[in-house]
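Contents: one structure, followed by commentary.
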Protein chains: 4
Amino acid sequence: MSDSVSTGVGTDADADAADTWHDYGRSRLHPVLEGALRCFALHGYHGTTIRMIAAESSLSVAGVYHHYPSKHAILVAVMSQAMEDLWQRSTAADAAAEGPVDRFTDVITCLLEFHTQRRDDAFIALTEIRSLDAEARAAHIAKRDRQQRLVEEIVEQGVADGVFEAAHPRDACRAVVTMCTSVSHWYRPDGALSSSELAQRYCAIALAAVGCRTVTRG
Amino acid sequence: MSDSVSTGVGTDADADAADTWHDYGRSRLHPVLEGALRCFALHGYHGTTIRMIAAESSLSVAGVYHHYPSKHAILVAVMSQAMEDLWQRSTAADAAAEGPVDRFTDVITCLLEFHTQRRDDAFIALTEIRSLDAEARAAHIAKRDRQQRLVEEIVEQGVADGVFEAAHPRDACRAVVTMCTSVSHWYRPDGALSSSELAQRYCAIALAAVGCRTVTRG
Amino acid sequence: MSDSVSTGVGTDADADAADTWHDYGRSRLHPVLEGALRCFALHGYHGTTIRMIAAESSLSVAGVYHHYPSKHAILVAVMSQAMEDLWQRSTAADAAAEGPVDRFTDVITCLLEFHTQRRDDAFIALTEIRSLDAEARAAHIAKRDRQQRLVEEIVEQGVADGVFEAAHPRDACRAVVTMCTSVSHWYRPDGALSSSELAQRYCAIALAAVGCRTVTRG
Amino acid sequence: MSDSVSTGVGTDADADAADTWHDYGRSRLHPVLEGALRCFALHGYHGTTIRMIAAESSLSVAGVYHHYPSKHAILVAVMSQAMEDLWQRSTAADAAAEGPVDRFTDVITCLLEFHTQRRDDAFIALTEIRSLDAEARAAHIAKRDRQQRLVEEIVEQGVADGVFEAAHPRDACRAVVTMCTSVSHWYRPDGALSSSELAQRYCAIALAAVGCRTVTRG
DNA sequence: CATGAATGAGTGTTCATTCAT
DNA sequence: AATGAATGAACACTCATTCAT
């Protein structure tokens, strides 16, 4: 879980305190990816040109190609690092908690924070799957499914333990996860809700969705 | 509410039974729009070329332009008709029910059915907002907000009546509506769940999300 | 010289009074040609579309094709009728005068009036030669040369008679004719000069250009 | 008057002898403009395609766009450089002479030489005004008027000095200038007249047109 | 490392023209 | 006589990408 990630993202110094999944400093993406991300978020992959990315990252067009071999490679880098980052954080959040309710709360909180703090990354990871080539798409979907299974596993455990009462746990998971990922569609950092306020409110709703009667954390 | 829609979509013969919002016959879109819809759903607006649309609608490129003046106009037609259709169905569903719980159930069911039965239309309406020009975008967002307000109004009524216990009704509405619209991202008609099964399960989850203790429909 | 013209233009009833070349009633062009003429004058042949011509002549596109088989045929009709009209008027003007000075004055006056009264026709005839196909171009140039020779013949007669003193009669003719045809570039009917005022002033200049010492019609 | 011209045209090294306005070396236009010029002269602006220009300048279509952002920008560059070149030469010619007769002779000679030596440039500057957009057209017309006023000013001086006897100086100027600019319509370098022969003959005619009795240059 | 110049393939769009009705 | 629907070819222009320097 604390493996150093080759992609350059993730937790670079895991303290004992397993709360690193809360920390969102400056994004550690390559400047080209930073620029590309802004462009993709605004205009989509196909609506973005290499010249836009070059301008956004203050490089020449050829300069962009010096760092990444193709526009598609840039998309792959952006998406895979996003998924990897989310996975590192999710497993860290999961490991830091015990019992289905707290694990669920942590993982969903992590998911929500990621979708507010890394909104563009999450948005692209959600909406540009179709722009990936077959190989990259398969890899991406595997990561997405891994993420989904983590939630499902927790909920199924909760149902087995009798703390969740979801009639259809997998559907509840789908509902919960999609309502969280949808946050990247509408959340604005300068809006009415802070990231943590949103997380609290949505966690309560998510717990209700999986039929949790108990109150969180004690 | 039963006004015949000038866009050519929607229920053209409203029977007394206010269940017309359940009926999804063959989509009544112009062949060009049908073809464009398939393309947009697969590749996105910017990833779709006029030549694809022409091929998909069995016309020449110039033939497409005989019916619609630009690619953007095609997108506008697709999206506005989708929003109009959904609105007609939603208001019909709302009108057919009484009391917050049943109104909520009907409107959410309607939303879910629309997102399974008109999955591509709904998907485009959700994901291609950024591809609209300023004017069309404003019009689209107005329609989207109108839709959102309908749900909020019902939930607020439910809270006022004491049948819903949502701590934050507007956030609950957001969560509910986005988990419903997200259905267009993953639902497959040939998958495990039928449209009505999905609607039933998701309605239960949605009711839980707004803090409804009572059971639906008696 | 007074042959009835198959094109449908020209003097349709030659009275004894040989002044018909002065008369500019409503242009007798086919409505399609009238519309095309306005378009060609504004945007040039290649800058004009069949749809513009259709709109300008209050017909459908197919309606235009009912009257003329192609855009090119319209140009040919416009240009050939203009050249024919000018030739009819020029020979009439020539025939009505006697002696080089008066013949010159009449023919140049005729040329000037044509370029103010039939400005667009003259302008197209001057500027769209390159847009004609080989055959039509050859025919057009023959008519243009015929026109030029008429002036040259008169001036050469004048030089032979000793009333003109042009050192290089053909060059003087070129200068005179081009300064007259150029009138179609700048003349505006609502400008400072009336058609006849312009003709008078330019005739004086033209006579000077061919070295005429005597005063006209004295 | 000997300001170095930012357009890259014009006299780059003004010797004392103010005869630089006679020198027509290889045109210093950008290869793309050279190619475009040939095309425009043959087929007109609207009759010319970017592919023609690309072929004529030995570049790919995209290569043309690397140097100029649009077909229209190419036209603007061609026309504005032509007008600037003519203006530099005209003012040089004017400054090199004294007295209305010699100034007139020099400026008209300059005008004629330009229209034989830079025939295509001059032709385009004369015939494609309507193809310019509003802004470029205004700029062009301002330059054209400036050119016209130079001639008018000289002639008016000549009339004031009593060396010219034009009854209507401005009309005479129009006649003279248009007969000079028309040279670009018909002159062929391999024709009967050399550029200087033509200039001599036309100058004599132009002097007659403005009512000059004295003989030029001594 | 970085870039200005270049390009083949493709973009959305328009063209003159046809034809069934 | 007149037209709405249709089209192949071409239009101006842009794309992702390459490469000599």
Side-chain angles (χ1 to χ4, degrees), chain A residues 31-32 36 43 45-54 57-75 131, chain B residues 30-32 36 43 45-55 57-75 131, chain C residues 31-32 36 43 45-54 57-75 131, chain D residues 30-32 36 43 45-55 57-75 131:
Chain A
V32 166
H43 313 104
Y45 176 74
H46 280 117
T48 296
T49 72
I50 290 283
R51 266 157 187 82
M52 288 180 189
I53 297 173
S57 46
S58 301
L59 269 103
S60 69
V61 170
V64 171
Y65 278 94
H66 179 76
H67 297 288
Y68 290 90
S70 71
K71 186 183 163 188
H72 184 262
I74 293 174
L75 179 64
S131 303
Chain B
H30 190 285
V32 166
H43 314 102
Y45 176 73
H46 280 118
T48 297
T49 72
I50 291 285
R51 275 155 187 85
M52 290 178 190
I53 297 174
S57 46
S58 302
L59 263 98
S60 67
V61 168
V64 170
Y65 278 93
H66 181 72
H67 297 287
Y68 291 90
S70 69
K71 186 183 164 188
H72 184 261
I74 293 175
L75 179 65
S131 303
Chain C
V32 167
H43 312 104
Y45 175 74
H46 281 115
T48 297
T49 73
I50 290 282
R51 266 160 185 81
M52 288 181 192
I53 297 174
S57 46
S58 302
L59 267 100
S60 69
V61 169
V64 170
Y65 278 93
H66 179 75
H67 297 289
Y68 291 90
S70 71
K71 186 182 164 189
H72 184 263
I74 293 175
L75 178 65
S131 303
Chain D
H30 190 287
V32 166
H43 314 103
Y45 176 74
H46 279 118
T48 296
T49 73
I50 291 285
R51 267 155 189 84
M52 289 179 190
I53 296 174
S57 46
S58 301
L59 265 102
S60 67
V61 169
V64 170
Y65 279 94
H66 181 72
H67 297 286
Y68 291 90
S70 70
K71 186 183 164 188
H72 184 262
I74 293 175
L75 179 65
S131 302

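Chain letters run A, B, ... following the sequence lines, proteins first and then strands; every chain starts at 1.
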[X] and [Y]: which non-hydrogen atoms are nearest, and at how many Å?
X	Y	result
D:Leu59	D:His67	CD2-CD2, 4.1 Å
A:Lys71	A:Thr48	NZ-O, 2.8 Å
C:Ser57	C:Val64	OG-CG2, 4.4 Å
A:Ile74	A:Val32	CD1-CG1, 4.0 Å

Distance, rounded to the nearest Å, where [X] contributes [atom1] and [N] contributes [atom2]:
X	N	atom1	atom2	result
D:Ile53	F:dC13	CD1	C1'	13 Å
D:Arg51	F:dC13	CZ	C1'	9 Å
A:Met52	F:dT14	CE	P	12 Å

Problem set entry | Residues within residues 63-71 of chain A bordering DNA chain F, heavy-atom distance below 4.0 Å | A:Tyr65, A:Ser70, A:Lys71
For this session: Answer yes if the ring centres of B:His43 and A:His46 are under 6.0 angstrom apart, and no otherwise.
Result: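 Aromatic pair excluded; centres sit 6.0 Å or further apart.
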Problem set entry | 5' to 3' contact window, DNA chain E with chain D (heavy-atom distance under 4.0 Å) |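 With heavy atoms of chain D under 4.0 Å away, the range is E:dA5 to E:dG10.
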Exercise. Which word best sums up how the rings of B:His72 and B:Tyr45 line up, parallel for under 30°, tilted for 30 to 60°, or perpendicular for over 60°?
Worked result: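 It falls in the perpendicular class, over 60°.
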For this session: Using both pair distances under 3.5 Å as the test, note the stems of at least 3 consecutive Watson-Crick or G-U pairs that include DNA chain F.
Result: E:2-21 with F:2-21
Exercise. Base, sugar-phosphate alone, or nothing: which one does B:Ile50 contact when heavy atoms must sit under 4.0 Å apart?
Worked result: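 Result for B:Ile50 = base.
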For this session: Using a 4.0 Å heavy-atom cut-off across all strands, classify C:Thr48 as base, sugar-phosphate, or nothing.
Result: sugar-phosphate
Problem set entry | Comparing D:Val61 and C:Tyr45 on DNA chain E - which has the more 5′ nearest nucleotide |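 Mapping each residue to its closest nucleotide by heavy atoms, the 5'-most match is D:Val61.
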Problem set entry | DNA chain F: 5'-proximal contact among D:Thr49 and C:Ser60 (nearest heavy atom) | C:Ser60
Seminar exercise, completed: Separation between OG (D:Ser70) and CD1 (D:Ile50), nearest 0.5 Å, reads 7.5 Å
Exercise. E:dC1 and F:dT21: how far apart are their C1' atoms, nearest whole angstrom?
Worked result: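 Taking atom C1' in both E:dC1 and F:dT21, they lie 13 Å apart.
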